[in-house]
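Each remark here refers to the structure printed beneath this line.
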2 protein chains.
Amino acid sequence: MVQTKPTLSADDWADAALDAMVDGGLDGVAVEPLARKLGVTKGSFYWHFANRDALIRASLERWASRETEQIIERAKGVRQPRKRIQTVFKAANGSEREGHLYLALAAASRDPRVADFVHKVSQRRLDFLAECYRALGLTARDARKWATFAYSTFLGTLQLRRDNPSALPPGPVFNEYLRLLIETLIPRPGEQPPAAAEQAA
Amino acid sequence: MVQTKPTLSADDWADAALDAMVDGGLDGVAVEPLARKLGVTKGSFYWHFANRDALIRASLERWASRETEQIIERAKGVRQPRKRIQTVFKAANGSEREGHLYLALAAASRDPRVADFVHKVSQRRLDFLAECYRALGLTARDARKWATFAYSTFLGTLQLRRDNPSALPPGPVFNEYLRLLIETLIPRPGEQPPAAAEQAA
DNA sequence: GTTTTGCCATACTTTCCCGTATGGATGCGC
DNA sequence: GCGCATCCATACGGGAAAGTATGGCAAAAC
């Protein structure tokens with residue numbers, strides 16, 4: 001498939017495994033098909049890894065560290081609380097592949113190896129979101145509720161985009177939809193909530 | 001496993017297949033393991049079904065019809081628009097197994113057989129929800145947006161319950177959380193949205 | 001220039017499951 | 001009580017992928 005590199009590295013195998021998870025979930029990670037896709041044979045694989053289990057663990061490790069760092073980097077720069085949350089939302093809906101990968105791994109979360117990583121990543125995201133909501137002036141308790149609310153909505157939207165894209169508002173209306181989400185999911189403590197304006201339109 | 005019935009029916013196999021999907025997704029539906037769980041052999045299976053594909057299709061058919069009818073039955077009785085939507089929410093979060101099953105099938109929605117059914121079920125639910133929102137006095141356009149919003153939140157909450165239960169508010173706070181969802185996701189056209197009261201608390 | 005080392009190919013064996021072929025048992029029609 | 005349909009067991013062949021064992025081959029080491 002790709003002959004740019006003379007030899008493969010363990011990370012190449014891990015990335016290929018993550019690609020395979022997007023399509024086939026955990027069962028999609030099969031050594032021989034991966035080898036065919038990489039243009040080599042199993043001999044290469046068993047040089048870099050002890051077995052299939054080691055590949056899966058390495059891939060998950062790679063995924064988790066990448067996911068927890070990206071969340072921070074994209075939003076930590078924005079200082080204004082409302083803008084920061086909006087940035088998180090935009091970034092979250094940005095990469096389609098990452099979204100599919102998350103859903104694929106979450107679906108395999110019955111596997112004990114996967115469960116730990118999915119738990120860790122979602123926990124990291126929720127904590128960061130709750131922190132953002134606290135910066136808005138909410139109590140810790142309310143911030144947690146709103147963070148969970150927003151994250152759930154994000155996860156659900158992700159799933160709809162994958163399983164029933166036609167259900168989401170088409171083209172221009174989709175932007176209205178996103179604005180509705182953002183306005184509703186970022187309360188203005190002390191001010192009048194924005195939903196009223198939306199319904200007046 | 002179960003010796004209550006002298007012989008098995010095709011529906012027994014279909015139900016067992018749905019149970020297997022909850023745990024192992026589509027790949028979890030394997031003829032020989034199912035036979036072992038039912039206390040019979042493959043000979044029984046291939047009497048009732050032509051092959052594994054037929055079993056999968058029959059199971060999906062059974063699931064889809066059940067899902068689309070349950071949604072109607074539980075909520076059609078409630079006439080008041082707000083109460084009706086609340087009923088839908090409560091019912092949706094009711095059966096844990098049905099939620100897991102939906103997520104398992106959605107995860108397998110890359111399979112063309114599954115895709116059609118998942119699409120159909122989610123579409124049916126969204127249409128009904130949009131209808132409920134229209135009864136609130138929203139325009140068709142706004143009703144669709146709010147229905148999508150609410151359904152996404154429902155899906156995401158379902159996923160959190162499965163993959164990271166500890167992330168959801170514990171015990172008593174969870175009820176507050178559900179109230180927040182309901183109050184926020186059911187706008188009051190013309191009146192002041194309820195989020196203000198929530199934040200004042 | 002020979003020897004090692006890194007990376008991979010080839011050729012097995014084993015396991016698990018699908019699908020088929022065929023025979024056996026039980027119960028009903030008549 | 002004979003025959004037939006229903007429902008299931010047993011035995012077999014085949015494919016796909018995990019893991020092992022071993023040989024090959026180029027580049028670096030010396």
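Values in this document were obtained by computation on a predicted structure and should not be read as measured data. Lettering follows sequence order; numbering is per chain, from 1.
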Round to a whole Å and report the spacing from [atom1] of [X] to [atom2] of [N].
| X | N | atom1 | atom2 | value |
| --- | --- | --- | --- | --- |
| B:Glu32 | C:dT15 | CD | C1' | 11 Å |
| B:Phe49 | C:dC18 | CZ | C1' | 16 Å |
| A:Leu38 | C:dA9 | CG | C1' | 15 Å |
| A:Tyr46 | D:dG19 | OH | C1' | 5 Å |
| A:Lys42 | D:dT22 | NZ | C1' | 14 Å |
| B:Arg52 | C:dC16 | CZ | C1' | 13 Å |

Any side-chain N or O of [X] less than 4.0 Å from the OP1 or OP2 oxygen of [N]?
| X | N | answer |
| --- | --- | --- |
| B:Arg36 | C:dC17 | yes |
| A:Trp47 | C:dC7 | yes |
| A:His48 | C:dC8 | yes |

Once you apply a heavy-atom cut-off of 4.0 Å, does A:Phe45 come out as touching a base, just sugar-phosphate, or nothing?
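No contact at all - A:Phe45 keeps every heavy atom at 4.0 Å or more from the nucleic acid.
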Would you say the ring centroid of A:Phe45 lies under 6.0 angstrom from that of A:Trp13?
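Yes, the ring centres sit under 6.0 Å apart.
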Test item: A:His100 and B:Arg110 side chains (from C-beta on) under 4.5 Å apart, heavy atoms
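Yes, side chains in contact.
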Counting side-chain heavy atoms from C-beta on, which of D:dC8, D:dA17, C:dC8 comes nearest to B:Leu8?
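Of D:dC8, D:dA17, C:dC8, D:dC8 is nearest to the side chain of B:Leu8.
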How many angstroms lie between atom CD of B:Gln123 and atom CG of A:Asn164, to the nearest 0.5 angstrom?
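B:Gln123 CD to A:Asn164 CG: 5.0 Å, rounded to 0.5 Å.
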Is a side-chain donor or acceptor of B:His48 paired with a backbone partner of B:Leu8 at a separation under 3.5 angstrom?
yes
Assign each of A:Gly43 and A:Val31 to its nearest nucleotide of DNA chain D by heavy atoms, then name whichever residue's nucleotide is nearer the 5' end.
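The residue whose closest nucleotide sits nearer the 5' end is A:Val31.
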